[in-house]
Amino acid sequence: MSDARFKDLVIDATDGSVLAAFWSAALGLKAGPAGDSAADFLLADDVPEHRVWINQVPEPRTVKQRVHLDLHATVEELTRLGATAAVEFGDEDDWTVLRDPERGELCVFPRRAATVGGYRLYALVVDAADPAAVSAWWGERFGLESKRYHDRPWYRLEPGEGLPWPMLFIPVPEPKTVKNRIHWDVWGDTERLLAAGATLLTGREDASDPRVVWDVLADPEGNEFCVFCPDRD
């Protein structure tokens, strides 16, 4: 039995309207207001797990993002939307690294861009000190098998049980130093996740805003995620 089920993605922004316009077009989602804040947005289609929340935050991006999105798209498509090249990361055979309008990294894979359909998200990619361990941890939480990705030291969770696309965990030498600007929300039980090795960062009972109906946890590598209880929310 899994401890959690994927709910949605969240992207921090210093200008919510700019990132909402970019990511809604890049992902093939429709942007609308999120709650009472004029700076926050919800990107959505008719699949609940495709939802992306754009949350305006005061702090700018300062280091390479530890979580990024891979898209079925072309460089030309995304540069027209406002993406720019990330020259220091170079290009690979199958993908190109770009930056969104707030300089957040993303990768574009052109091979299926013309045939994949309206929704363009290919995978969620997470930097890791120990990709095998953190991939296995999330695989256990979601009830999915973690597998090594071909001959690379990468580990992958295939779509399933509410996860609409792969999660890929890749090794990096640098440690995590700041809050992730992209995180995921889950449906689950906080106590079970804590017993499995997560850390509580902020409990809903501690929030000053009564609209906060989630707990903020971190996985064993410090990646933040929010937990919503399906029986209460």
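In this chain, numbering begins with 1 at the start of the sequence shown.
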Check your understanding: With no hydrogens and no angle check, is any side-chain donor or acceptor of Thr79 less than 3.5 Å from a backbone partner on Glu76?
Key -> yes
Check your understanding: Taking all atoms of both residues into account, what is the closest heavy-atom pair of Val134 and Ala128, and its distance?
Key -> CG1-CB, 3.8 Å
Point to revise | Leu121 vs His50 side-chain heavy atoms within contact, under 4.5 Å | key: no
Exercise for review: For residues Pro171 and Trp154, report the shortest heavy-atom separation together with the two atoms involved.
Suggested key: CD-CD1, 3.5 Å
Practice item. I would like to know whether Arg66 and Glu105 meet salt bridge (Lys or Arg N to Asp or Glu O under 4.0 Å); could you show each step before the answer? Key: CA-CA 9 Å; Arg66 213 162 170 84; Glu105 297 82 8; over 6 Å; no
Revision key, fill the gap. So CH2 of Trp23 and CG of Leu71: to nearest 0.5 Å the spacing works out to 5.0 Å
Exercise for review: Taking Arg51 for its side chain and Pro48 for its backbone only, find out whether a donor-acceptor pair lies under 3.5 Å.
Suggested key: yes
Review point. Linking I/L/V/M/F/W/Y whenever their side-chain heavy atoms sit closer than 4.5 Å, directly or via other members, would Leu106 and Val75 fall into one cluster?
Key: yes
Review point. Between the main-chain N or O of Thr74 and the side-chain N or O of Glu77, is there a donor-acceptor pair closer than 3.5 Å?
Key: yes
Practice item. Using side-chain hydrogen bond (donor to acceptor under 3.5 Å, both in side chains) as the criterion, list what pairs up with Arg156, not counting sequence neighbours. Key: Glu158
**Study point:** For the student: nearest non-hydrogen atoms of Ala26 and Leu78, plus distance
**Key:** CB-CD2, 3.7 Å
Point to revise | For the student: nearest non-hydrogen atoms of Glu161 and Phe142, plus distance | key: CB-O, 3.8 Å
Practice item. Any chance you could lay out the side-chain contact (heavy atoms from CB on, under 4.5 Å) test for Leu98 and Val108, step after step, and finish with the verdict? Key: CA-CA 7 Å; Leu98 299 179; Val108 294; 4.0 Å; yes
Exercise for review: Only counting residues at least two apart or in another chain, list the ones meeting side-chain hydrogen bond (donor to acceptor under 3.5 Å, both in side chains) with His183.
Suggested key: Asp185
Check your understanding: Distance from Leu193 atom CG to Asp3 atom CG, nearest 0.5 Å?
Key -> 5.5 Å
Check your understanding: Above 12 or not: heavy atoms from other molecules or residues under 6.0 Å from CZ of Arg148?
Key -> yes
Review point. According to a 4.5 Å side-chain heavy-atom criterion applied to Ile, Leu, Val, Met, Phe, Trp and Tyr, with indirect links allowed, do Val52 and Val57 form part of one hydrophobic cluster?
Key: no
**Study point:** Check against ring-ring contact (aromatic ring centres under 6.0 Å, His included), Trp184 and Phe225
**Key:** CA-CA 5 Å; Trp184 53 98; Phe225 64 100; 7.1 Å; no
Practice item. Please name the pair of heavy atoms, one in Cys229 and one in Arg204, separated by the smallest distance, quoted to 0.1 Å. Key: N-NH2, 3.8 Å
Point to revise | Non-neighbouring partners of Asp70 that pass salt bridge (Lys or Arg N to Asp or Glu O under 4.0 Å), sequence neighbours left out | key: none
Check your understanding: Is Val213 linked to Trp187 within one hydrophobic cluster, defined over Ile, Leu, Val, Met, Phe, Trp and Tyr using a side-chain heavy-atom separation of less than 4.5 Å?
Key -> yes
Check your understanding: Do Val126 and Ile170 have side chains that get closer than 4.5 Å, going by heavy atoms?
Key -> no
**Study point:** Set of salt bridge (Lys or Arg N to Asp or Glu O under 4.0 Å) partners for Lys179, sequence neighbours left out
**Key:** Asp12, Glu59
**Study point:** Backbone N/O of Gly104 and side chain of Gln65: donor-acceptor pair under 3.5 Å
**Key:** no
Point to revise | Backbone N/O of Arg103 and side chain of Arg61: donor-acceptor pair under 3.5 Å | key: yes
Check your understanding: Hey, does the side chain of Asp40 reach the backbone of Gln56 with a donor-acceptor pair shorter than 3.5 angstrom?
Key -> yes
**Study point:** Residues which pass ring pair (Phe, Tyr, Trp, His ring centres under 6.0 Å) with Trp165, listed by chain and number, not counting sequence neighbours
**Key:** Phe6
**Study point:** Side chain Arg120, main chain Ala113, donor-acceptor under 3.5 Å
**Key:** yes
**Study point:** Transitive ILVMFWY cluster of Val10, excluding itself - 4.5 Å side-chain cut-off
**Key:** Leu42, Trp53
Study note, to complete from the structure: Taken in chain and number order and not counting sequence neighbours, the residues that satisfy ring pair (Phe, Tyr, Trp, His ring centres under 6.0 Å) with His68 are none
Point to revise | Contact list for residues 122-131, test side chain to side chain donor-acceptor pair (under 3.5 Å), sequence neighbours left out | key: Lys64-Asp127
Review point. Judged by atom type as modelled, is there a donor-acceptor pair below 3.5 Å linking the side chain of Asp100 to the main-chain atoms of Ala83?
Key: no
Study note, to complete from the structure: Pro164 and Pro159 have their tightest heavy-atom pair at C-CB, 4.0 Å
Revision key, fill the gap. Apart from Tyr155 itself, members of its ILVMFWY cluster (side-chain separation under 4.5 Å) are none
Exercise for review: List, by chain and number, the other hydrophobic cluster members for Val178, where Ile, Leu, Val, Met, Phe, Trp and Tyr join if side-chain heavy atoms come within less than 4.5 Å, directly or indirectly.
Suggested key: Val63
Exercise for review: Kindly confirm or rule out a cation-pi arrangement of Arg141 over Trp138, judged by NZ or CZ under 6.0 Å from the six-membered ring centre and within 45° of its axis?
Suggested key: no
Practice item. Tell me, please, which residues at least two apart from Arg181 pass salt bridge (Lys or Arg N to Asp or Glu O under 4.0 Å). Key: Glu102
Practice item. Would you indicate whether the side-chain heavy atoms of Leu217 and Thr190 approach each other to under 4.5 Å? Key: yes
Exercise for review: Quick one: list whatever passes salt bridge (Lys or Arg N to Asp or Glu O under 4.0 Å) with Lys7, sequence neighbours left out.
Suggested key: none
